[in-house]
Amino acid sequence: MAAPPPAPPADMDELLARAHGLAGRPLAEVAAGLGLATPADTRREKGWIGQLLETALGASAGSAALPDFPRLGVELKTLPVDARGRPRESTYVCTVPLQGAGFDWAASWVRRKLQCVLWFPVQSETGLALGERRLGMPLLWRPDAQEEALLRRDWEELMDLVCAGRLDEISARHGEVLQIRPKAADSRALTDTVSGEGTTVRTLPRGFYLRASFTRRIIERHYVVATAGAPRD
DNA sequence: AGCTGATCATAT
DNA sequence: ATATGATCAGCT
């Protein structure tokens, strides 16, 4: 039966306890517990799983530019995984700032967004009904020195091009772990940016994304530490 | 099969 | 149009 949506967790322990309590459960069960219907698929509701988990964990809803758990400084990210537990998709991080501004990794949105992430793997094999997909074991992650160095290198390389007005030269092929791809309603959406000549021009909005190969490394490396077991291959 | 470019929903 | 949440679908 439907219970009222939980209030925000008071502290990290409470958040992790709730998250661990959801591990292994099918999405339809989680949704039903909150009085929510499960759609047939995510084709027209791509963010449904993420929003379901926000509700289940007591994240502050809405579209405010804040972490999901502002008090705890934790960002929640669902991670669609295949039968082997490997990420099937890249992970959206944030919008690419296209209006000049600072060139400073330490103050960047990417770094802030990724400072502390609660990864929540979700079974995502095609053919497995949405409601029957089960949640995996959540992982609280902070980038280690090596991971941050990789992110920083890509970010600085990409933002160098953006700041030089060379956005049109960037494709999703740039960046070892962090890439820039369109992030818009469709290919006609436009926003302002600054050209190489310094004039304002219209362009497609872009977002930063983590490559699936990078999130795979994250969960494999850090689960090993967390469980003291070997990853399956 | 993996990756890139395009797209879907909702709230402000 | 911006933010939030992402996955779709076609090409290599």
Side-chain angles (χ1 to χ4, degrees), chain A residues 5 8 27 30-31 34 36-70 74-99 101 109-110 112-114 117-131 133 135-136 138 154 158 167-193 200-217 233:
Chain A
L27 298 182
V30 176
L34 296 166
L36 302 174
T38 302
D41 57 63
T42 51
R43 289 170 64 170
R44 304 195 71 87
E45 296 182 63
K46 296 180 181 178
W48 184 79
I49 301 174
Q51 287 163 355
L52 174 68
L53 278 176
E54 288 182 350
T55 303
L57 293 171
S60 52
S63 53
L66 286 171
D68 296 295
F69 302 94
V74 173
E75 184 70 24
L76 174 66
K77 288 290 183 194
T78 58
L79 194 59
V81 296
D82 65 17
R84 292 169 161 174
R86 295 175 178 175
R88 290 173 45 89
E89 292 284 352
S90 55
T91 300
Y92 171 68
V93 180
C94 60
T95 299
V96 178
L98 298 178
Q99 300 269 24
W109 297 0
V110 171
R112 268 185 293 171
K113 279 276 189 182
L114 297 181
V117 177
L118 182 63
W119 294 105
F120 226 130
V122 185
Q123 282 184 312
S124 177
E125 296 100 289
T126 52
L128 181 58
L130 181 58
R133 296 182 184 181
L135 296 170
D154 286 346
L158 291 164
L167 182 63
D168 54 350
E169 295 174 32
I170 298 177
S171 83
R173 294 168 180 79
H174 289 79
E176 182 183 337
V177 301
L178 185 73
Q179 63 183 169
I180 286 181
R181 302 218 309 277
K183 168 63 172 174
D186 54 54
S187 59
R188 279 95 63 193
L190 293 173
T191 189
D192 287 346
T193 188
T200 295
V201 294
R202 306 288 279 164
T203 191
L204 188 58
R206 316 299 167 91
F208 283 113
Y209 294 80
L210 300 178
R211 292 186 183 277
S213 53
F214 183 60
T215 52
R216 176 183 165 186
R217 282 180 31 177
D233 203 55

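What's counted below: heavy atoms across the whole structure, side chains too, no hydrogens, waters or symmetry copies. Numbers restart at 1 for each chain; the letters A, B, ... are given by sequence-line order, proteins then strands.
Atoms NZ (A:K46) and C1' (B:dT10) sit 14 Å apart, rounded to a whole Å. Look at NZ on A:K183: it is 13 Å from C1' on C:dA1, rounded to the nearest Å. Summarising the geometry, the separation between CG on A:L66 and C1' on C:dT4 is reported as 11 Å, rounded to the nearest angstrom. Regarding A:E89, its CD atom lies at a distance of 10 Å from the C1' atom of B:dG2, rounded to whole Å. The distance between atom CZ of A:R181 and atom P of C:dA9, rounded to the nearest whole Å, is 15 Å. Look at CD on A:Q51: it is 7 Å from C1' on B:dT10, rounded to the nearest Å. For the pair A:L158 CG and B:dT4 P, the computed distance is 12 Å after rounding to whole Å. In this entry the distance linking CG of A:L53 with C1' of C:dT4 reads 15 Å, nearest Å.
Here A:S124 does not reach the OP1 or OP2 of C:dT7: none of its side-chain N or O atoms lies under 4.0 Å away. Look at A:S213 and you won't find any side-chain N or O under 4.0 angstrom from OP1 or OP2 of B:dG2. Distances shorter than 4.0 Å separate none of the side-chain N or O atoms of A:R44 from OP1 or OP2 on B:dC8. Phosphate proximity of B:dG2 to A:R211: absent, as no side-chain N or O sits under 4.0 Å from OP1 or OP2. Applying the 4.0 Å criterion to OP1 and OP2 of B:dT7, one finds that A:S187 has a side-chain N or O inside that range. In this structure, A:T95 reaches the C:dA3 phosphate: one of its side-chain N or O atoms is under 4.0 Å from OP1 or OP2.
Although no hydrogens or angles enter the test, the distance criterion places a donor-acceptor pair under 3.5 Å between the side chain of A:Q179 and the main chain of A:A172. Not one N or O on the side chain of A:R88 forms a donor-acceptor pair closer than 3.5 Å with the backbone of A:E125. Checking side-chain atoms of A:R206 against main-chain N and O of A:L98 turns up no donor-acceptor pair under 3.5 Å. Checked by atom type and distance alone, the side chain of A:K77 pairs as donor or acceptor with a backbone atom of A:Y92 at under 3.5 Å.
The side chain of A:P182 lies closest to B:dA6 when the candidates are B:dC3, B:dA6, C:dT4. Comparing atom distances between the A:S171 side chain and each of B:dG5, C:dT2, B:dT7 picks out B:dG5 as nearest. For A:R202, counting side-chain heavy atoms from C-beta on, the closest listed nucleotide (C:dT4, B:dA9, C:dA1) is C:dA1. Which of C:dT4, C:dG5, B:dT4 sits closest to the side chain of A:A65 comes down to C:dT4. Here the side chain of A:E45 is nearest to one of C:dC8, B:dA9, C:dT4, namely B:dA9.
No contact: A:A212 has no heavy atom under 4.0 Å from any strand. Contacts of A:T91 with the nucleic acid, taken as non-hydrogen atoms under 4.0 Å apart, are absent. Within the 4.0 angstrom heavy-atom criterion, no nucleotide atom of any strand lies near A:R88. Among the heavy atoms of the strands lying under 4.0 Å from A:G47 is at least one base atom, whether or not backbone atoms are also near.
Along DNA chain C, the nucleotide nearest A:R43 and the nucleotide nearest A:W48 are compared for position; the residue whose nucleotide lies closer to the 5' end is A:W48. For A:R188 and A:D82, each mapped to the nucleotide of DNA chain B holding its nearest heavy atom, the one lying further toward the 5' end belongs to A:D82. Comparing A:A185 and A:Q179 along DNA chain B, the residue whose closest nucleotide (by nearest heavy atom) sits nearer the 5' end is A:Q179.
Screening A:L118, A:T91, A:V122 against A:T78 for a side chain to side chain contact (heavy atoms under 4.5 Å, CB included) leaves a single residue, A:V122.
With contacts defined as side-chain heavy-atom distances shorter than 4.5 Å, the pair A:L57/A:D68 does not qualify.
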